[in-house]
Structure formats: structure tokens, C-alpha cells
Amino acid sequence: MKRIVPVVLILAVAGGAWWWMTRSRPVEASLSASGTIEARQVRLAAEAGGQVVELGAREGQAVEGGQVLLRLDDSLLQAQRAQ
């Protein structure tokens, strides 16, 4: 009996300390972070195939509407048009 009382007392103190440590802290509801979020993807396809001879923009670069993104070699199309 003399050994049980100190063990129960130690367990009670440890349990109370654990409860106080986990319950006394306020829970934060907000989340903050920093960085870059990229969420827009656009798939481009040429109306006619060919070899790229000039690039007007690089990957990840912002572009404006109407800006030339690339230029294709049109020598084969010009030859077909001339016929």
C-alpha cells in the first residue's frame, strides 16, 4: 500500500501536467505561407506544322494578347502557294 500511493500520485501529477499542456494553448485557425502559385496552363498548337525559326517568348514569361510567340518556317507553304 505504501508503494501504490506514490505511484498513483506521480501518475496523477503527470496526467494533470499533460492535460494542462495540451488544453491551455489556444488553437490557431489561420495559416500563412509565402511563395509563388502558378495556376494557369494554356496549351498551344500550330494550325500548320513546320520548323520553328524564331521564338518570341520563353517558358514562364508573361505575354500580351496578339504578341508573336514563335515563327515557323513557311518556305514549303510558299512553294505550294506558288504552284
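Quick caveat, the model's predicted, so the values are computed rather than measured.
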Worksheet item: Around Gln51, counting heavy atoms of other residues, nucleotides and ligands shown, do more than 12 lie under 6.0 Å from its CD?
Response: no
Item to complete: Can you sort out the partners of Gln78 under side-chain hydrogen bond (donor to acceptor under 3.5 Å, both in side chains), two or more places apart, ordered by chain and number?
Response: Asp74
Worksheet item: Is there a path from Trp18 to Trp20 through hydrophobic residues (I, L, V, M, F, W, Y) whose side chains come within less than 4.5 Å of each other?
Response: yes
Worksheet entry | Remaining members of the apolar cluster that contains Val7, side-chain heavy atoms under 4.5 Å | Leu11
Worksheet item: Can you find a heavy atom in the side chain of Leu77 that is under 4.5 Å from one in the side chain of Arg81?
Response: no
Worksheet item: Picking from Leu55, Val52, Val63, what satisfies side-chain contact (heavy atoms from CB on, under 4.5 Å) with Leu69?
Response: Val63
Worksheet entry | Nearest heavy atoms of Ala57 and Gln67, plus distance in Å | CB-NE2, 4.3 Å
